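Note that the coordinates shown come from a computational prediction; the quantities given were computed from them, not determined experimentally.
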Amino acid sequence: MAEKNLAPLDLNVFRLRSGESIPQDELLQKLHTLGYQEEKVVEEPGQYAVRGHIIDVYPLSYRAPIRIQFHLDAIETIRDYSLHEGKSLTTFEELFLLPVTEAFLRRRARLKAHLEEFEPIGELEDIQVGDYVVHIEYGIGKFLGTKTLKISGAPKKHLAIEYADQEIIYLPFDQHQFLERYLGLEGKKPKLTKLQSKEWVRIKERTRLAVRGIAREMVALQARRSILPGFKFPANTELQREFEQSFSYEETPDQRRATEEVKRDMEQAKPMDRLLCGDVGFGKTEVAVRAAFKAVLAGKQVAVLVPTTLLAEQHYLTMKRRMDQMPVEIELLSRYLDKRNQKKVIQALKEGKIDVIIGTHRLLSKDVEFKDLGLVIIDEEQRFGVRHKERLKFLRETVDMLTLTATPIPRTLHLSLLGVRDLSVIETPPKQRLPITTEILEFDDLRIKQAMERELGRKGQVYFVHNRVESIEKIYNYLKKLLPHVSFGVAHGQLPVTSLEKVMSDFIDGKIDCLVSTNIIESGIDIPNVNTILINRADTFGLSDLYQLRGRVGRYHTARQAYAYFLVPRDWVLTQDAEKRLAAIERFSELGSGLKIALEDLEIRGAGNVLGHEQSGFIYQVGFDLYCRMLKEAIQEEKGRD
């Protein structure tokens with residue numbers, strides 16, 4: 001009898017050992033038999049996910065999910081990891097998998113009970129279960145789904161929204177127009193509003209005051225600019241038409257429209273203040289070049305203001321190349337020049353011997369004077385500091401301003417700003433442009449080698465982005481050893497000016513095959529021969545940074561496939577946020593997706609760029625759509641007051 005009691009229970013436990021061989025298909029079949037559910041990303045016990053030679057599984061009896069790494073059919077490593085931080089916690093010699101039983105499923109169902117009472121959503125297009133939402137009266141909550149409740153004996157569909165302290169409000173379904181999806185800042189979860197408190201009223205009031213302030217400023221600036229005399233540029237000349245026709249690419253309808261809008265503004269007697277938005281590589285620079293040429297023909301000087309020396313150099317080369325047949329004097333003013341040459345350039349500018357000057361914030365210094373400034377072109381204004389923006393604010397009232405940005409502006413904001421900010425949007429890609437093939441790879445010698453050799457085999461060039469200055473030399477040496485026949489160069493912001501200039505010009509001239517660089521190449525670097533980019537530790541970049549970096553390739557003058565590889569470490573488990581970011585960028589490889597996709601973080605940044613970054617906090621507190629509505633109301637109010 002005693003012996004019988006000691007007999008082990010047959011729980012159908014499945015054991016795996018590190019080093020043993022088992023075909024992946026066989027293991028997947030076993031997981032299925034044990035009742036595990038396949039998902040894209042493992043989030044709770046009883047689930048598994050597959051990516052290449054890795055299987056993630058969340059066993060019922062373990063504190064964290066487990067990652068099983070294969071080499072061919074052999075299990076290389078077994079380790080658990082943190083769902084939230086992605087860090088590897090412990091390495092195991094063996095793993096025990098219990099079957100998913102009815103009892104476990106019942107227990108899990110009870111835990112989820114309050115969520116599973118709700119029905120599928122159906123008619124609400126933009127809002128999914130689990131999304132954060134904003135209600136104008138109650139504030140920020142979490143959408144749980146819909147539920148049918150009996151009101152006065154009649155069944156009626158309601159929306160269930162969870163607020164702070166797990167309080168749930170049921171809204172009649174026909175009031176869903178008062179609900180909008182919360183759009184905030186990337187990676188930042190909003191705070192749920194506490195019901196029966198004055199908190200939401202206070203937040204709305206604070207935001208309303210901030211919005212009124214910015215609306216007052218915008219309307220006042222618009223009013224001042226409409227009465228201040230500006231320079232009225234003459235209509236198109238034959239030389240202008242000739243210059244525009246010499247553009248070597250076929251212009252897109254959007255480019256043509258934006259050019260006409262800019263020229264129309266310049267031909268009016270009030271100073272222009274136009275914002276030109278367009279996805280990376282969609283041809284904003286050509287619109288700016290045409291505006292600059294128009295100003296020079298009218299005898300005016302042009303200042304092109306950019307945030308980095310690298311970008312200044314790029315614009316300088318572009319303008320030089322575009323206007324090389326024209327009698328236009330173009331110069332560069334940045335830290336690339338020594339003090340003596342800077343003085344010479346400043347003197348020539350004052351005497352009117354320079355038509356177009358391109359430079360960094362050095363152009364805003366007190367010692368820089370123009371003989372007759374007529375147009376200021378600013379690239380990525382959001383990257384300038386507060387002090388510089390004050391100086392720009394003053395310029396806005398006196399000369400024509402054209403601001404370029406690759407950060408998309410959301411439509412809701414565009415509509416709110418009608419009448420106080422002139423916007424042009426370029427949404428169509430150049431004709432020969434193909435979508436960029438995007439792949440997420442684990443760091444692997446063979447795949448890196450293949451990707452680079454394929455590009456170099458067609459006489460192209462490569463970017464390898466590694467965003468850590470302290471270890472960039474290590475990566476440079478690793479790549480040299482991996483591909484000894486390839487010529488490499490290193491670029492980062494801490495290099496001496498002359499070294500950075502040398503490596504960049506060598507790369508532009510094709511003397512270097514692969515540029516190992518930090519993300520200083522993110523803004524505006526345009527080298528058509530570079531059509532493969534590898535981004536190391538892609539999991540540490542924000543969505544918009546990855547998007548901008550990917551936009552550095554795919555600019556070849558004829559149709560040529562470009563490739564972007566996002567590298568993640570082999571021995572690292574990604575956080576859920578990083579997984580989602582990478583999945584989004586891999587999924588949205590269509591051209592112009594920056595203006596139409598769920599890169600909501602980018603759009604919020606775009607809003608910050610137009611309104612000033614101090615507004616980002618208010619956008620975060622009330623959600624983007626409500627903020628835009630408040631702004632629109634405040635602008636209309638201010639205009640009515642005027």
Value rounded to 0.5 Å, distance of CG in Leu317 from CZ in Arg322 = 15.0 Å
By salt bridge (Lys or Arg N to Asp or Glu O under 4.0 Å) - contacts of Arg256 (at least two apart) = Glu251
Any chance you could lay out the side-chain contact (heavy atoms from CB on, under 4.5 Å) test for Val133 and Lys142, step after step, and finish with the verdict?
-> CA-CA 6 Å; Val133 289; Lys142 199 173 192 176; over 6 Å; no
Separation of Leu626 CG from Thr207 OG1 (nearest 0.5 Å) | 7.5 Å
Might you point out which heavy atoms bring Ala562 and Val553 nearest each other, and give the distance in Å?
-> CB-CG2, 4.0 Å
Report yes if some heavy atom in the side chain of Phe443 is under 4.5 Å from a heavy atom in the side chain of Pro569; otherwise report no.
-> no
Indicate yes or no: at least one non-hydrogen side-chain atom of Met504 is less than 4.5 angstrom from one of Leu310.
-> yes
For the residue pair His53 and His71, establish whether any side-chain heavy-atom pair is separated by less than 4.5 Å.
-> no
Step by step, work out the side-chain contact (heavy atoms from CB on, under 4.5 Å) result for Asp379 and Leu311.
-> CA-CA 9 Å; Asp379 201 353; Leu311 195 47; 3.9 Å; yes
Return yes if some donor-acceptor pair links the side-chain N/O of Asp444 with the main-chain N/O of Leu441 below 3.5 Å, else return no.
-> no
State, yes or no, whether a side-chain contact exists between Val530 and Tyr556 at a heavy-atom distance under 4.5 Å.
-> no
So, Glu442 and Arg447, do they make that salt bridge, N to O below 4.0 Å?
-> no
Please name the residue in the list Thr403, Val306, Leu402, Val304 that meets the side chain to side chain contact (heavy atoms under 4.5 Å, CB included) test with Ile378.
-> Thr403
Residue list, side chain to side chain donor-acceptor pair (under 3.5 Å) with Lys511, at least two apart or on another chain = none
Where do Lys481 and Pro484 come nearest, in terms of heavy atoms and distance?
-> O-CD, 3.5 Å
For the atom pair CZ (Arg257) and CD (Gln255), what is the distance rounded to the nearest 0.5 Å?
-> 11.0 Å
State whether the number of non-hydrogen atoms from other residues, nucleotides or ligands found under 6.0 Å of Glu470 atom CD is greater than 12.
-> yes
Check: Phe507 and Tyr463 side chains under 4.5 Å, non-hydrogen atoms = yes
Verify the ring-centre separation between Tyr478 and Tyr476: is it less than 6.0 angstrom?
-> no
So, Gln461 versus Asn529: side-chain donor-acceptor pair below 3.5 Å or not?
-> yes
Nearest non-hydrogen partners of Gly489 and Val503, listed with the distance | CA-CG2, 3.8 Å
Separation between CD (Glu453) and NE2 (His485), nearest 0.5 Å, reads 4.5 Å
Write down the atom of Gly283, the atom of Ile426, and the distance for their closest heavy-atom approach.
-> O-CD1, 4.0 Å
Closest non-hydrogen contact found for Ile140 with Gln621 is CD1-O, 3.1 Å
Tell me yes or no: between the side chains of Thr438 and Arg550, is some donor less than 3.5 Å from an acceptor?
-> yes
Go through the steps for Val465 and Thr518 under the test side-chain contact (heavy atoms from CB on, under 4.5 Å), then give the verdict.
-> CA-CA 5 Å; Val465 178; Thr518 57; over 6 Å; no
Any donor-acceptor pair under 3.5 Å linking the side chain of Gln47 with the backbone of Glu44?
-> yes
Verify the distance criterion only: is there a donor paired with an acceptor across the side chains of Ser424 and Arg274 at less than 3.5 Å?
-> yes
Please determine if Glu522 and Arg552 form a salt bridge, counting it only when a charged side-chain N lies under 4.0 Å from a carboxylate O.
-> no
What's the shortest heavy-atom distance between Leu363 and Ile358, and which atoms?
-> CD1-C, 4.2 Å
Near Arg468 CZ, under 6.0 Å, is it more than 12 heavy atoms from other residues, nucleotides or ligands?
-> no
Starting at CG of Asp254, measure out to CD of Glu427 and round the result to the nearest 0.5 Å.
-> 6.0 Å
Between NE2 of His466 and CD1 of Ile535, what distance do you get to the nearest 0.5 Å?
-> 13.5 Å
Would you say Tyr81 and Val42 make side-chain contact, with heavy atoms under 4.5 Å?
-> yes
Donor-acceptor under 3.5 Å (Asp625 side chain, Glu180 main chain) | no
If you measure from the Lys or Arg side-chain nitrogens to the Asp or Glu carboxylate oxygens, is any gap between Lys449 and Asp445 under 4.0 Å?
-> no
Mind checking whether Ile55 and Leu28 have side chains closer than 4.5 Å, heavy atoms only?
-> yes
Can you check whether Asn467 reaches Phe541 side chain to side chain, under 4.5 Å on heavy atoms?
-> yes
Ile68 and Ile66: CA distance, side-chain angles, deciding distance, side-chain contact (heavy atoms from CB on, under 4.5 Å) verdict | CA-CA 6 Å; Ile68 305 163; Ile66 303 288; 4.3 Å; yes
Thr428 (side chain) donor-acceptor with Thr252 (main chain) under 3.5 angstrom = no
